[in-house]
Each structure stands twice: as C-alpha cells, then as structure tokens.
Amino acid sequence: MPAVRFQPGDTVMGRWPGSNLYYEVKVLRFDPKTQLYTVIYKDGTELELKDGDIKSLTGFKQGRSRSRSRSRSPARTRRSRSRSPARTVRRSSSRTTEVRKEKFKEVLEVRLTPVAVPLENNSNNRHEKKEEKKEENDTANKVNEKTEEESENQVGSRYNLRRRKDQGDGRPAELEKKLEAILPQATPREAVKTTELEFGGRFGVLFWLLFLPVMVLALLILCAQEDASLLNFPLTPPPLHSLWDCQVFGIVLLWLLFQAVLSLLPIGKVVEGMPLKNGKTLKYRINGFYALIFSAISVGAASYNEVDLSYIHGHFLQFYTSALIISILLSVYLFIRSRWAAVDDLAPAGNSGYVFYDFFMGRELNPRIKDFDIKFFCEMRPGLIGWVVINFAMLLAEMKHKNLDTPSPAMLLVNGFQLLWVADGLWHEEKLLTMMDIVHDGFGFMLAFGDLAWVPFTFTCQAYYLASHPSDLSAFWIVAIMIMNVVGYYIFRKANSQKFAFRRNPSDPALSHLKTIPTATGKSLIVSGLWGFVRHPNYLGDLIMALAWSLSCGFNHVIPYFYLIYLILLLVHRNARDEHQCRKKYGLAWGEYCKTVRYRIFPGIY
Ligand SMILES: NC(=O)C1=CN([C@@H]2O[C@H](COP(=O)(O)OP(=O)(O)OC[C@H]3O[C@@H](n4cnc5c(N)ncnc54)[C@H](OP(=O)(O)O)[C@@H]3O)[C@@H](O)[C@H]2O)C=CC1
Ligand SMILES: CC(C)=CCC[C@@H](C)[C@H]1CC=C2C3=C(CC[C@@]21C)[C@@]1(C)CC[C@H](O)C(C)(C)[C@@H]1CC3
C-alpha cells in the first residue's frame, strides 16, 4: 500500500476531474479503504481525488514552469471547460455508482471564469468599450502573469470556480437534495479547523470576555456621576440592588419578545442571503424599517398614556445587567447547540477547538430556530431599535430632571443624528446580508454581547451623559455640527450604496463613470470617486458622523467621546482584517489597488 503523501490541512494542487486544470485545494482527509483524498476547493466544493491527481505546491510550480506556454492557451482552456468536470469524482465499477456520478456531475458542474474576463465596467460608447476591455484584459493578464511567477499562494487562481447554483430554476438545489439521499456519506465529515486566531488568540479572548462587560459597567457608572471625570471614578463597587431588578429583567425579555414578533410578521419582502459553503442560500424577511415604525408608534402611545419612560434612565444599570445576563445565556445556548450543527453550518473562524475562543467567536454561522435567524435578528433589531428608544427616554429624563419645557439643542442633535443612522441601517437592512458579520463571523459571545448589550448601552452614552450634564452650544456650533453630520452621512451612504450597486450589477449605466481594476476572481475593484479617495470611504463617513455626535456634547469630559474612540479602534481593526482577506482573495490586483489608492481610511494617513 503506498504511503499517504498528504495530511489533512495540507494545501496542494488538485486536478479538476476530467481536465488538465489544477487548482489550489486543501486536503480534508484520506480514506485508506478507497485510497481517495477528500479535498476542498476555494469555492467550498468538496471532491474526492486519487493520489495521482494531486501534486504538492512546489512540485506543481516546477512542473508548471516547464509547461507554462501550453497551459496558458485559451483554446485549451475552453476545451477543458466543455468537458465533464466531475466525470472522475468517484471511482467505482458498479452501475449504481455510474448513476450517482451522472447526478453528481449535474450538481457540481462549475462555471470556469478565465482571469482575462472582459471587464464588467462599462462605457457608453461601444467602440470605447471594446478598447477599454482590451486594455483592461491586458492588465488582467499582466496581473495574472505576475501572480504565477511571484506568488506561490496565487498559483492556480486563474479561474473562478463557482457552482452553477444560481440558474433560477431551482434544479441544482433539488438535485442536491436527492443526491444527499442517494449518496450516503462514506465517512463522517470533519469541519476545517480554525488555525488563524484573532483578537489575541485563546488567551486574548479571555481578556475580552472579562474586560468588555466590566468596561461597559464602568462607563455607565462614570456617565451617571455628577463629575464624569475619569479621575473621579468611585473605587467602591456599586451595591447589588443598583445592578439587579426582576421587573427590569422582565421588561428586557418583553422587549426581545416584542421585537421577535415584529420580525416574524409577514410584512416586507423575503430575500435570499449569500450562497453558503454548500451552495445553498437562506431566506430572510426584510421588515426592519417597519419594526422601527411599529416600535416608534408603540413607544409614542405609551408615553402619551403617561407611561414614564424616564424609568429607563433611573434604572439604567439594572437594564444593562439584564441585557448582559441575557447575552451570556444566549451565548451559552448557541455554543451548546453548535455541537449538533452540520459541518457546513459552522463559521470558518470559530472552530479552533479552544472552548473559550470558539465561545467568543461563535461556532455556528447562521443559527436558526425554524425560519427565525437568531443572528440576523440580534444584529438589527432589539439593540439597534432599543438604542433610539433609550435615547428618547434620556431626552424625557433630561426634561424631567432639569425642569425643561423642551429638550436641549445638544440632546435634540444627538437624538436626531442617531435616529437617522439607525433608520438608514434598517432601511438598507438587506445589505447587511453581504457583510462579514453575516457571511463570515459565527454567532457567539462577541456578537451576542455586542448586539444586545454593547450597542444599546454604549452607543447611548452621549444621550445618557446629556441627561444629567449640560452642553451649551452656540448657534455657530449647532450649524457647524449639523453640516459635519450631513457631510459624514453623504460619504457613508454614497460609498456603501455605490459599492453595493457595483457588486450587484457592475455594468449598471449609472456607474459607467467609475474606473476599475480587474482581479483574478473576475470581480473588479473601484478605483475612482470615493473609493479612489481612500480605501474605506464608508468608514471615513461613519467616523465624521461619530465626531459630530461627540462634539454635540461639548468638551467638558472625555466620556461622550467614548463612541468615537471605540469606532476608530473597531474600524482600524476591521480595516486590517478586511485588507488581509482582500489580499488573500485578490492577490496582486489588491496590491495594485493599494498602490493606486494609497490611504486606508484617513486621507494623508497610509
Ligand atoms: N458603527 C459601528 O459599530 C460599525 C459600523 N460599520 C459600518 O458598516 C459599513 C460596512 O462596513 P464593512 O462591512 O466592514 O466593510 P465594507 O462595506 O467596506 O466592505 C468591505 C468589502 O468591500 C469590498 N471592497 C473593498 N474595496 C473595494 C473597492 N475598491 N471596490 C469594490 N469593492 C470593494 C471587498 O469585498 P468584495 O470584493 O468581496 O465585495 C471588501 O471585503 C461601513 O459603513 C462601516 O462604517 C461597520 C462596523 C461597525
Ligand atoms: C466590542 C464588541 C463586543 C464589539 C461588537 C461589535 C458589534 C456591536 C458591531 C460590529 C459591527 C456592527 C455593525 C452594526 C451594529 C454593531 C455591530 C454588530 C450595524 C448592523 C448597525 C447598523 C448599520 O447601518 C450597519 C449595517 C452599517 C452596521 C454594520 C456593522
């Protein structure tokens, strides 16, 4: 029996069955009985390959440089494309296996998009369009050539391998279901282990697990003090009764229930999320904006009927501890239920095998109870809508405690700006489905705590501060801050909408003025307009708005600047995470982009 040449986790070059094309794949396991390796392609397709169809990366590079001219011929590429890509997926002589192979072939048929794809971006003039395409194809080839020669990681990324799932007739999905029934899993599938640990690794997350909840508590205690100076922080812990109240806990549970019911109402469209690892998509009901309106009407009606909403201000610490306890319970539930989750349902970043790390990052990608998606719900509803309700309660508390007939201008600005931000997020709720939080991150303590405790209790700290601290703004400052928020919002919205529209339809005539760089995946990167100014204009806009919110609270204390500081740290970290992913995804094209657009978030800062 030949020795097993590759181990699970090895990155190797795997031949696409029935062709001479090799792609970078990861070895998942080896079955000694069938002598087949199970490998996973970059698009998530798993196949079984025989030993002869696998080469080591180094061996492949050597062989490849000898035969480069042959393998580069587009004609060859086209021929191989028309072959049956999955013909040799499983080797067996039995007739039933032949039937299976045919089914498998249909399911796993892939679209091979050559690197030198015509550039998606467009031009109004047809002739110009041709010229432009030619020019950009050349660039694409150049990028690719460099890729082959210079980057080992990029070997084999000449084609974009995607399952042909999105044909619209639902056939492949049906076939896949049938296939699941026909093909018993020979060996139980194992999830790919997370090896790149983030947030300081297994010990780092322990720190965050303890530090984040305590930090929010400290922030709230400081905010409520008459002198909110950091130097004046009380050294004695708060009494237990100021942290816990059963009635408050009940109100928080009711709020969650109310929001859950609103999210399940059959109002609003149902859309499909991004394709998962197994090619399937999940459905989501988009009715967040309606939920905001319903909530506003309910809160307005309660206030009109003399329900004292300033109660929230008086019991704010108790509200926070209730939300914290619920987020911990939810994280424990999520961690336990992830034990039964299918391999395909696990998040790539939450399966390290270290209990605390996986608990923090979240093991399951899209935990659901029937059609109720817990992560999507928590991200957009109770915390985000809770934020504006709490802000409103702080506004009423300010009027009550300071005996005012109308709220202060600073309180009105903070309420108005943040309501706009939340309403905008809910109006564009569908776009969240393409964001890394939904597509990549698991649902664990980080997001559960972030959504249910961090968002409603730290994002509201400006309004909480203003309820008991003055901020006298001159008319000049009011106008200046309003202009700043409008500019920030314009950049934030325009950048996000432009990228979303471009990803949905790169040849949208409305975007024809944009310059782009092609990448080896077939997608392009925008390099003009806002996306040519800095590499994350949407972050810049968000930060300008955050500055406007903080400035509304004056310069007496640093506490109202907490949100701004948090957002800078979060977005700088997120930018680094995203750039790391993009470099892996786009290789040299990303390098080109970084050379063309040199600043990351802040103009003038690399
Ligand atoms: N207030 C808060 O707490 C937070 C707010 N936010 C806000 O959420 C919004 C979304 O943020 P986030 O999801 O992090 O990041 P982005 O919306 O910026 O998404 C990054 C992705 O965009 C694509 N991309 C990057 N550059 C280009 C380009 N030049 N042309 C085309 N596509 C490009 C890449 O994905 P691909 O190529 O695969 O499409 C990249 O992975 C931001 O406005 C941010 O400010 C985010 C986090 C926290
Ligand atoms: C310290 C800690 C626990 C951090 C957790 C961070 C999360 C609270 C945030 C990470 C990214 C977020 C986004 C939104 C809410 C906060 C979290 C979850 C968001 C959904 C709010 C609405 C916006 O319009 C948005 C869609 C742009 C935004 C996306 C990111």
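Since we're looking at a predicted model, the values are computed, not measured. When a ligand or atom number is given, it counts from 1 through the structure's own listing order.
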Should the proximity of Leu525 to ligand 1, defined as any heavy atom under 4.0 Å, be assigned to the side chain, the backbone, both, or neither?
both
Where's the contact between Ala495 and ligand 1, heavy-atom distance under 4.0 Å: side chain, backbone, both or neither?
neither
Pull out every atom of ligand 1 sitting under 4.0 Å from any heavy atom of Tyr563, numbered as shown with elements.
1 (N)
Should we count CZ of Phe199 as having more than 12 external heavy atoms under 6.0 Å?
yes
Judged by heavy atoms only, the candidate from Tyr539, Trp421, Trp590 nearest atom 11 (O) of ligand 1 is Tyr539
Heavy atoms only: which of Arg503, His573, Arg535 is nearest to atom 31 (C) of ligand 1?
Arg503
For Trp531 and ligand 1, does the shortest N/O to N/O distance drop below 3.5 Å?
no
Using a 4.0 Å cut-off to any heavy atom of Lys523, which atoms of ligand 1 qualify?
36 (P), 37 (O), 38 (O), 39 (O)
Between Asn538, Thr596, Val597, flag the one that comes closest to atom 42 (C) of ligand 1 by a heavy atom.
Asn538
Hey, which atoms in ligand 1 end up nearer than 4.0 Å to a heavy atom of Asp542?
1 (N), 5 (C), 6 (N), 7 (C), 44 (C), 45 (O)
Applying a heavy-atom cut-off of 4.0 Å, say which part of Ile526 lies close to ligand 1: side chain, backbone, both or neither.
both
Which of the ligand 1 atoms, numbered from 1, are nearer than 4.0 Å to a heavy atom of Tyr586
36 (P), 37 (O), 38 (O)
Nearest neighbour of atom 24 (N) of ligand 1 from the list Arg493, Met545, Lys499, on a heavy-atom basis
Lys499
Out of curiosity, is Gln581 lining ligand 1, as in a heavy atom under 4.0 Å away?
no
Which atoms of ligand 2 are found less than 4.0 Å from any heavy atom of Met380?
20 (C)
Counting non-hydrogen protein atoms only, what is the nearest one to atom 28 (C) of ligand 2? Give residue, atom name and distance.
Trp421 CH2, 4.3 Å
Ligand 1 versus Thr434, non-hydrogen atoms closer than 4.0 Å: side chain, backbone, both, neither?
neither
Within-shell test, Lys431 vs ligand 2, heavy atom, strictly < 4.0 Å
no
